Amino acid sequence: MKNGLYSAGIIGTGSYVPEKIITNEDLEKIVETSSEWIVTRTGIRERRIAGENEATSNLSTIAALRALDDADMDPKDLDMILVATVTPDMPFPSTACIVQSNIGAVNAAASDIEAACSGFLYALNVAQQFIATGFYKNILVIGGECLSRITNYKDRGTCILFGDGAGAAVVSRVEDGYGFLAQYMGADGSNGNSLAVKAGGSRMPASAATLLHDYHYIHMDGGEVFKFAVKIMSSAAEKAMDIAGITKDDIDCVVPHQANIRIINNVAKRLGVSEDKVYSNLDRYGNLSAASIPVALDEAVKSGRISKGDNVCMVGFGGGLTWASNIIKWSKDSNAIKKAI
Ligand code: UT7
């Protein structure tokens, strides 16, 4: 405990992506594009698509159970479940309540959080506050998306980018000196129109006209979002490092939002962090919005790219517009666990 606050950290991670793969070559058959263009301009080679009977809660439930298993925690010990998503199963009940029921977390409060692609980091940062004050002991944070459901497969500017998946993390008390060293969040609602789903809410309820105009799909000014992303991701990561009192040289692994490999490489360059310290799985999954960071985090941990004592920087941006970052001194000895197995 420091200054009357508990140290909070991540004690388990899990992820799940659906089985069905859509390759760039598959997309060549439905829109005017080429695999070469997609790989060069985005770094994406394939993405996963949820099956007919799968919704965000299904993907999130599997990721959640894997994270709980990794944390060696009974669902009944959870105090709260937060799901970050822009593709909930339905407006309400929340996807978090559906997951709560699926996993039998009968003692947990449950709610969704929406900050588009920054959503998982927003939810993680909210969870950290509850743990630090001692109000709650164990919180399950999930980023889950079925972006295929709001993607227009006639629009080559967006359909090549997005996929489906879910990632989860269990946030709990950790030993002092470890866990969250810094967190930072921001928003600029004045530029929200550059990345939006216009219909389906109270402003423009779903109707024949909204369907006709494709207003229930993602609309994006790609160039604007690209410029914003490079600038805000690097400044948000720097801000978190300042708050933590560390420099780029102290960072062991950056887990960025996976939107475009050119954005990720530009951010690494601006930060002065070598590309091998930056985790990317964009080639396999595309952009998973709120699920992108937790899926990448889980893979980075499980593949040994993150181990105890490492300073991990997560940073993201998204619709809203929003951005968020944090620095976590990793508290779990994943290598020791692997050796024991
Ligand atoms: O989580 C946040 C969500 N969004 C993002 O992170 C997206 C950020 N933006 C991007 O990743 C990039 O802006 C895109 C990948 C969306 C687009 O790449 P770009 O290098 O900015 O391309 P552009 O939009 O400037 O378009 C260049 C050309 C255009 O043709 P003309 O006008 O030069 O003849 C486009 O029509 O490429 C064309 N184009 C395509 N060509 C083949 C756009 N999409 C495609 C495509 N295949 N899929």
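From a predicted model like this one, the values you see are computed outputs, not experimental measurements. Atoms within a ligand are numbered from 1 in the order they appear, just like the ligands themselves.
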Hydrophobic cluster identity match, Ile306 and Ile293, side-chain contacts under 4.5 Å: yes

Shortest protein contact, atom 36 (O) of ligand 1 (heavy atom only): Arg156 NH2, 2.9 Å

List every atom of ligand 1 that sits less than 4.0 Å from any heavy atom of Ile160, numbering the atoms from 1 in the order shown and giving each element. 48 (N)

Does the side chain of Val255 reach to within under 4.5 Å of the side chain of Cys313, using non-hydrogen atoms? no

Should the proximity of Thr33 to ligand 1, defined as any heavy atom under 4.0 Å, be assigned to the side chain, the backbone, both, or neither? both

Report, in ascending order of atom number, the atoms of ligand 1 lying under 4.0 Å from any heavy atom of Arg41. 20 (O)

Distance to 0.1 Å, residue and atom name: give those for the protein heavy atom nearest to atom 19 (P) of ligand 1. Arg262 NH2, 3.7 Å

Any salt bridge linking Lys154 with Glu32? Criterion: basic side-chain nitrogen under 4.0 Å from a carboxylate oxygen. no

Can we say Lys332 and Glu175 salt-bridge, meaning some charged N sits less than 4.0 Å from an Asp/Glu carboxylate O? no

Are any of the side-chain nitrogens in Asp70 or Arg66 under 4.0 Å away from the carboxylate oxygens of its partner? no

Protein non-hydrogen atoms only, distance under 4.0 Å: does atom 31 (P) of ligand 1 have such a neighbour? no

Looking only at protein heavy atoms, which one is nearest to atom 10 (C) of ligand 1, and how far off is it? Asn260 ND2, 3.6 Å

Looking only at protein heavy atoms, identify the closest one to atom 23 (P) of ligand 1 and say how far it is in Å. Trp37 CZ2, 5.0 Å

Using non-hydrogen atoms of the residue, decide whether Gly157 is closer than 4.0 angstrom to ligand 1. yes

Return yes when atom CG of Asn193 has more than 12 non-hydrogen atoms of other residues, nucleotides or ligands closer than 6.0 Å, and no otherwise. no

Report yes or no: is the cationic atom of Arg173 (NZ for Lys, CZ for Arg) under 6.0 Å from the centre of the six-membered ring of Tyr6, at an angle within 45° of the ring normal? yes

Determine whether any protein heavy atom is located less than 4.0 Å from atom 47 (N) of ligand 1. yes

Ligand 1 versus Asn287, non-hydrogen atoms closer than 4.0 Å: side chain, backbone, both, neither? side chain

Would you please determine whether Thr42 falls within less than 4.0 Å of ligand 1 on a heavy-atom basis? yes

Does at least one non-hydrogen atom of Gly223 fall below 4.0 angstrom from an atom of ligand 1? yes

With a 4.5 Å heavy-atom cut-off, do Phe130 and Val171 have their side chains touching? no

Against heavy atoms of Phe317, which atoms of ligand 1 measure under 4.0 Å? 2 (C), 6 (O)

Against heavy atoms of Gly222, which atoms of ligand 1 measure under 4.0 Å? 8 (C), 9 (N), 13 (O)

Quick one: does any side-chain atom of Arg48 pair with a main-chain N or O of Ile21 as donor and acceptor, under 3.5 Å? no

Which of the atoms in ligand 1, numbered in the order shown and given with their element, are less than 4.0 Å from a heavy-atom of Met220? 3 (C), 4 (N), 5 (C), 7 (C), 16 (C)

Got Val197 and His219 here, is their nearest side-chain heavy-atom distance under 4.5 Å? no

With atoms numbered from 1 as shown, which atoms in ligand 1 lie under 4.0 angstrom from a non-hydrogen atom of Ala259? 6 (O)

Test your reading of the model: is there a side-chain donor-acceptor pair from Asn3 to the backbone of Leu5, 3.5 Å cut-off? no

